[in-house]
There are 2 protein chains.
Amino acid sequence: MTTIKDVAKLASVSISTVSRVLNNSGYTSEETKKKVFEAVENLNFRKNIVAAAMINKQTSTFGLIIPDIKNVFYADLTRAVEDAANQHGFNVILCNTDNDLKKEAEYISFLLQKGIDGIIFSTPEIKNRNIKEVIKSRPDLPIVILGSKVVGVQVDEVLVDNFEGAYNATIHLLELGHKKIGFIAGQPDSYATIERQKGYEAALEEYQLSLDLENIMLDEFKVGSGYNKGKEMLLRKNRPTAIFAGNDAIAVGVYKAARELDIQIPEELSIVGFDDSQYAEIVYPSLTTVRTPVLEMGEKAIEMGILLSKKNKKFKETITFQPELIVRSSTSELKVTKKD
Amino acid sequence: MTTIKDVAKLASVSISTVSRVLNNSGYTSEETKKKVFEAVENLNFRKNIVAAAMINKQTSTFGLIIPDIKNVFYADLTRAVEDAANQHGFNVILCNTDNDLKKEAEYISFLLQKGIDGIIFSTPEIKNRNIKEVIKSRPDLPIVILGSKVVGVQVDEVLVDNFEGAYNATIHLLELGHKKIGFIAGQPDSYATIERQKGYEAALEEYQLSLDLENIMLDEFKVGSGYNKGKEMLLRKNRPTAIFAGNDAIAVGVYKAARELDIQIPEELSIVGFDDSQYAEIVYPSLTTVRTPVLEMGEKAIEMGILLSKKNKKFKETITFQPELIVRSSTSELKVTKKD
DNA sequence: TTGAAAGCGCTAACAA
DNA sequence: TTGTTAGCGCTTTCAA
């Protein structure tokens with residue numbers, strides 16, 4: 001392995017000079033700079049980040065904690081985060097927790113031992129004691145929560161306006177004439193679930209429709225949940241004519257349930273999803289959904305993390321992106337049937 | 001930050017003793033062991049892996065290089081790799097290259113600087129000079145190629161038997177009576193494409209069907225390619241009655257094309273995919289496909305990588321997993337129509 | 001503008 | 001069985 005020492009010898013300067021030109025710190029004459037760069041070139045030298053990290057405590061690495069990379073939403077988000085990180089000269093260590101707080105705690109501890117420069121948490125639960133604990137034990141560590149909020153912690157956050165998105169989605173269905181609108185979403189303690197439900201309820205209220213609790217089902221943000229809950233909901237005699245799915249995966253599950261029950265989308269059932277993930281264009285008919293700007297959110301999260309690692313910012317900020325309703329083919333006007 | 005020094009002081013021993021009990025190396029009496037562990041507990045000490053890495057050159061980190069995590073196949077694979085790594089006490093740094101060799105080279109260089117313990121390459125191209133170069137410059141570095149082969153390099157590989165899978169898929173269609181079978185796959189220089197095409201051709205030959213080059217189209221392993229090429233193929237007067245798609249994403253694209261052309265699956269067109277990704281159960285009708293055992297493959301790759309990093313193995317090995325044909329609802333017997 | 005030297009937190013001889 | 005000490009490769013005072 002070639003070290004700074006070899007470079008110094010070849011360039012006939014001291015190692016501290018080499019360090020100086022490499023880091024562009026302190027004074028160095030143009031001439032020695034040139035000599036050093038030449039030597040670096042000739043030896044194909046790359047500085048050992050591990051050794052440097054011992055001193056400046058920077059590893060150019062972020063930890064990214066998500067539930068599961070197989071979930072397309074997190075895959076998109078991860079890609080955005082990784083790209084942004086890479087552009088800024090950082091790498092990301094991927095951690096899949098399956099929402100298991102114990103597993104998450106172990107990851108955090110490991111990341112800390114490795115001296116990562118910060119952690120991006122993209123974890124759905126509104127109560128996450130792990131984050132609280134890291135902040136207590138390492139108040140200096142850059143932390144950004146991406147796509148969620150955690151109660152009782154002051155930390156930088158990058159969000160999508162879940163309420164607004166859900167409100168718009170529901171209003172869209174209401175405007176099409178639907179009155180019986182189901183809502184199927186994920187874990188009840190998930191920030192997304194909570195906010196999206198609020199938006200759904202606010203829209204109904206705006207149309208002076210009373211809340212039918214049978215029309216609200218919470219499970220998980222997965223295809224299987226959409227299928228199970230969707231089936232349950234669609235099997236009811238007084239079944240809804242539209243369903244607002246808490247995310248696209250749930251919507252896909254509802255599609256499956258509807259197909260099995262021979263319910264036509266959108267003629268007999270309108271569906272709106274959330275996220276505008278790759279599923280939306282794959283299913284037939286293509287899914288009307290609320291677009292979460294994952295790309296921008298991922299970028300922003302990394303930028304905030306890097307900023308935090310460089311400056312010691314004295315305030316916390318919350319950045320909220322606006323979602324956008326993307327109307328495709330899974331929603332249509334309610335056809336007035338005899339019964340109604 | 002609490003260091004080994006603090007632990008030593010609290011336990012009233014030397015730092016080398018602390019190091020010894022922590023690493024379970026050398027002799028230490030039960031008594032001092034206990035003292036040390038107590039001190040570690042009390043101080044909530046965790047050793048600094050960066051500092052340790054300077055000496056033992058182990059960072060407990062692997063680099064994983066893939067084209068794109070948004071691609072569900074790689075997401076599944078990545079999850080498998082990450083899980084296995086985590087179980088063995090390793091982390092993985094995710095690198096998305098988009099098959100850009102320059103970008104890949106930069107990632108490699110960066111990973112090397114960080115002293116990663118090895119690299120898992122899951123890159124499709126059969127010609128990858130980057131891998132060749134790493135091997136030359138760092139012959140000691142553990143490298144495993146996952147899911148592909150690269151010509152001209154001796155390196156450990158974990159594969160699925162692409163030929164066998166493609167052969168079985170095609171035989172399945174032939175057994176159903178199909179004679180005009182299209183093949184749509186990804187990049188021509190991708191190992192998967194090459195081997196799967198061989199399997200496809202071998203099956204046709206077995207049934208003494210001559211090759212119709214119009215029935216073979218190569219583009220990318222993406223939904224869009226499946227859609228474009230599928231449409232092109234299905235628009236032909238003498239269109240195939242079955243299509244073997246190089247992977248599930250392509251199959252999904254073909255579904256879309258077929259739907260637009262109002263061609264019923266499987267009544268008028270049978271489709272087989274490859275990978276058995278999450279798409280297979282999402283689409284309607286559910287997709288007959290060849291299962292790639294990503295879980296096992298990811299695990300194996302990490303295990304090989306770790307083994308390589310611990311022992312200096314004198315031989316290279318190639319592990320080939322057998323794929324399995326999963327028959328679902330997208331394939332059916334050819335209905336004999338008047339024309340035939 | 002440059003070099004010598006201390007030291008980051010740890011491991012691993014070597015000595016005791 | 002334990003402690004002393006010399007580094008790992010780098011950055012950063014401090015002197016020159």
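Lettering follows sequence order; numbering is per chain, from 1. Owing to the predicted nature of the structure, the values given are computational and were not obtained by experimental measurement.
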Residue-phosphate contact under 4.0 Å: [X] side-chain N/O, [N] OP1/OP2:
X	N	value
B:T32	D:dT1	no
B:K47	C:dT11	yes
A:S25	D:dT11	no
B:N23	C:dT11	yes
B:T3	C:dG9	no

Assess whether atom [atom1] of [X] is packed by more than 12 heavy atoms of other residues, nucleotides or ligands within 6.0 Å.
X	atom1	result
B:K5	NZ	no
B:K316	NZ	yes
B:K33	NZ	yes

Margin query: Less than 4.5 Å apart, side chain to side chain, heavy atoms only: is that true for B:E104 and B:T123?
Written below: yes
Margin query: For a 4.5 angstrom cut-off between non-hydrogen side-chain atoms, does A:D156 reach A:I145?
Written below: no
Specify the separation, in whole Å, of atom [atom1] of [X] and atom [atom2] of [N].
X	N	atom1	atom2	result
B:Y27	C:dA12	OH	P	16 Å
A:N48	D:dT11	CG	C1'	13 Å
B:I15	C:dG7	CD1	P	14 Å
A:K34	C:dT1	NZ	P	17 Å
B:I4	C:dG9	CD1	P	11 Å
A:I55	D:dT13	CD1	P	11 Å
B:K114	D:dC10	NZ	P	16 Å
B:Q58	C:dT11	CD	P	11 Å

Note to self: Mind checking if B:T28 touches a base, just sugar-phosphate, or nothing, with heavy atoms under 4.0 Å?
What the structure shows: sugar-phosphate
Margin query: Classify B:V50 by what it touches in the nucleic acid, base, sugar-phosphate, or nothing, heavy-atom distance under 4.0 Å.
Written below: nothing
Item checked: Considering all heavy atoms, the nearest B:F110-A:S60 contact -> CZ-CB, 3.9 Å
Margin query: Quick check: any donor-acceptor pair below 3.5 Å linking the side-chain of B:S16 to the base of D:dT4?
Written below: yes
Counting heavy atoms from C-beta on, name the nucleotide in [options] closest to the side chain of [X].
X	options	answer
B:M1	C:dG3, C:dG9, C:dC10	C:dG9
A:R20	C:dC10, D:dT11, C:dG3	C:dG3
B:S14	C:dG9, D:dT4, C:dT1	D:dT4

Margin query: I want to confirm an ordering. Mapping B:T17 and B:M54 to their closest nucleotides on DNA chain D, which one lands closer to the 5' end?
Written below: B:T17
Check: To the nearest 10 degrees, what angle separates the axes at the start and end of the helix from C:dT1-D:dA16 to C:dA16-D:dT1, five pairs each?
Finding: 40°
Check: Out of curiosity, B:N130 CG to B:I108 CD1, how far, rounded to the nearest 0.5 Å?
Finding: 4.5 Å
Checklist line | From CD1 (A:I135) to CG (A:L141), nearest 0.5 Å | finding: 9.5 Å
